[in-house]
Each structure stands twice: as C-alpha cells, then as structure tokens.
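Since the structure is predicted, the reported quantities are computational estimates derived from the model, not experimental observations.
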Amino acid sequence: MQLRGASSAKSLYRKILKPNTRIHAATKSPCDIFINHRGIDTKKNIAGLLDDHFYRMGLRPFLDSRNMQPGDRLYEKINPAIRNCKIGVAVFSPNYCDSHFCLHELALLMESKKRVIPIFCDVKPSQLRVMDYGTSSAKELQRFSWALEEAKHTVGLTFDTLTGDWSQFLNTATDAVIKNLAELEAGNSSKNCAASS
C-alpha cells in the first residue's frame with residue numbers, strides 16, 4: 001500500500017510537473033526544496049535520507065552539508081536558497097530550538113511565504129519553544145517565536161526514529177512534498193494562463 005502511495009505521487013509528479021523538462025530546467029531557483037534541520041539530530045538520518053530521496057527523483061533539494069563548500073558564507077548561500085526555493089521541509093527535533101541558524105531559516109521561510117511541511121522527528125510540537133540564551137535580540141526572539149508558532153499550526157508529519165517505519169516515512173514525506181509542488185506548479189500555470197488572456 002505504501003508503494004502505491006509513492007507510485008501515485010510519482011504519477012502525479014509526471015503528469016503535472018512534466019519531469020521530461022525537469023523542474024529545475026524550467027526555473028532559475030538553486031533548489032526546489034529547502035531542508036531546514038538541526039544537523040546534530042537529523043543530518044545523518046532523516047534530513048540526509050530526504051535529500052538523497054528527493055535528488056534521486058529528479059528534484060533539487062538544498063541541504064547545507066551537500067550544497068555548501070568550505071569557505072562559503074552561511075547567510076550568502078542559505079538566504080538566497082530559501083528565498084528562491086519552491087517549498088520548505090522543516091525537520092523539528094529535540095535540539096532544533098537550540099540553534100540560531102535553524103530558527104533563522106524557519107523564520108525566513110515563513111517571512112518569504114513559502115509553503116512549509118513540518119516533520120516532527122522525536123519531538124512533539126508542544127515541546128518546541130524558543131529559548132533566550134542571551135545571544136539573540138528581543139526582535140529576533142519574537143521573529144523566531146512567530147515562525148515556530150506558524151509551523152506548529154501547520155499540518156505536518158511525525159516520526160519516531162526508534163519505532164517508526166523508515167520506508168513508509170520516506171514514501172509519505174515524498175508524497176507530501178510532490179503533491180505540494182504539484183499544487184504550486186498548477187497554481188503558477190493557471191496564473192500564467194490568466195495573465196496571458
């Protein structure tokens with residue numbers, strides 16, 4: 001049954017997004033999907049697997065460890081990738097809110113009005129809170145709190161890395177991303193048709 005879901009997502013992807021022209025060939029964006037995550041919690045499992053899975057499907061995910069080189073300036077690479085991506089995947093984990101960079105990326109995704117799919121990995125939404133460690137201004141803390149609340153009130157996926165079915169999770173997450181990309185693409189196509197009328 002899970003494979004049927006994945007194949008229906010691929011079918012929808014082929015039908016609407018026309019992979020013969022590949023998504024990235026039709027856009028100038030550096031990535032289709034920005035994967036926002038806490039590296040120490042998820043880079044070697046969920047985030048890394050999603051990145052690889054999306055890439056193998058012909059999509060262009062952005063994962064810092066794969067898209068950046070030593071010497072790259074973080075904000076100079078990450079901010080444009082977020083602003084130009086089509087969709088964000090926010091992988092929340094137990095140490096997520098301890099990272100200024102994670103919260104900055106999430107806030108920028110929300111401020112840029114990107115569609116974000118939250119994934120709650122080994123953490124419940126109610127457990128996520130922005131903490132003041134004295135390293136962020138009051139304005140930044142407010143910005144981070146707002147973005148986190150927006151994400152917590154968005155329908156997402158949950159996954160327990162100890163008991164969850166990894167294959168089913170990858171299929172479900174991929175299906176969600178492809179359906180959202182297809183909706184965005186369909187919306188853009190209808191806007192372009194209306195504009196040319």
Side-chain angles (χ1 to χ4, degrees), residues 23-24 26-43 46-51 53-55 59-121 123 125-157 173-174 176-181 183-185 187-188 191:
I23 291 174
H24 51 80
T27 117
K28 295 176 185 169
S29 68
C31 68
D32 299 310
I33 306 152
F34 186 89
I35 303 173
N36 166 247
H37 69 290
R38 179 73 162 128
I40 61 172
D41 290 339
T42 64
K43 190 178 305 280
I46 294 235
L49 286 170
L50 286 171
D51 175 75
H53 201 65
F54 295 149
Y55 181 78
L59 300 170
R60 292 185 313 152
F62 185 97
L63 186 68
D64 56 359
S65 61
R66 303 225 177 131
N67 293 81
M68 296 180 67
Q69 303 297 320
D72 285 347
R73 305 221 11 110
L74 290 172
Y75 293 120
E76 289 175 13
K77 287 285 188 172
I78 289 173
N79 289 1
I82 291 171
R83 286 188 184 104
N84 295 314
C85 74
K86 294 179 180 180
I87 195 166
V89 173
V91 182
F92 296 103
S93 57
N95 295 302
Y96 180 93
C97 290
D98 293 340
S99 169
H100 177 88
F101 290 106
C102 288
L103 294 167
H104 167 75
E105 291 169 6
L106 179 65
L108 191 54
L109 281 164
M110 295 301 187
E111 291 163 351
S112 300
K113 302 207 182 302
K114 300 298 179 181
R115 191 174 295 191
V116 175
I117 299 172
I119 297 174
F120 301 98
C121 177
V123 68
S126 61
Q127 295 172 306
L128 296 169
R129 289 186 183 18
V130 174
M131 304 300 287
D132 185 358
Y133 296 111
T135 57
S136 299
S137 69
K139 186 175 181 178
E140 280 183 311
L141 291 172
Q142 183 178 16
R143 178 177 171 249
F144 296 163
S145 294
W146 167 79
L148 188 59
E149 287 304 311
E150 289 291 311
K152 288 166 56 173
H153 291 98
T154 302
V155 176
L157 305 170
T174 300
V177 166
I178 288 175
K179 284 181 181 179
N180 276 277
L181 282 171
E183 286 176 15
L184 290 172
E185 191 69 24
N188 289 340
K191 284 181 188 175

Qualifying residues under salt bridge (Lys or Arg N to Asp or Glu O under 4.0 Å), relative to K43, sequence neighbours excluded: D64
Which residues share a ring-ring contact (aromatic ring centres under 6.0 Å, His included) with H53, sequence neighbours left out: none
Set of salt bridge (Lys or Arg N to Asp or Glu O under 4.0 Å) partners for E150, sequence neighbours left out: none
Where L157 and A173 come nearest, the two heavy atoms and their spacing: CD1-CA, 3.6 Å
With D41 via side chain to side chain donor-acceptor pair (under 3.5 Å) - residues at least two apart: S93, N95
Partner set under side chain to side chain contact (heavy atoms under 4.5 Å, CB included) for A47, not counting sequence neighbours: I35, H37, T42, L63
Partner set under side chain to side chain contact (heavy atoms under 4.5 Å, CB included) for S126, not counting sequence neighbours: K124
All pairs passing salt bridge (Lys or Arg N to Asp or Glu O under 4.0 Å) where residues 129-143 contributes a residue, at least two apart: E111-R143
Aromatic plane relationship, H104 with Y75 - under 30° parallel, 30 to 60° tilted, over 60° perpendicular: perpendicular
Counterpart residues, side chain to side chain donor-acceptor pair (under 3.5 Å), relative to S136 (two or more places apart): H100
With sequence neighbours excluded, residues passing side chain to side chain contact (heavy atoms under 4.5 Å, CB included) with R83: N79, L108, S112
Qualifying residues under side chain to side chain donor-acceptor pair (under 3.5 Å), relative to Q142, sequence neighbours excluded: none
Partners meeting ring-ring contact (aromatic ring centres under 6.0 Å, His included) with Y96 (sequence neighbours left out): F92
K86 side chain vs L184 backbone, donor-acceptor pair below 3.5 Å: no
Sequence-distant partners of P80, side chain to side chain contact (heavy atoms under 4.5 Å, CB included), two or more places apart: N84
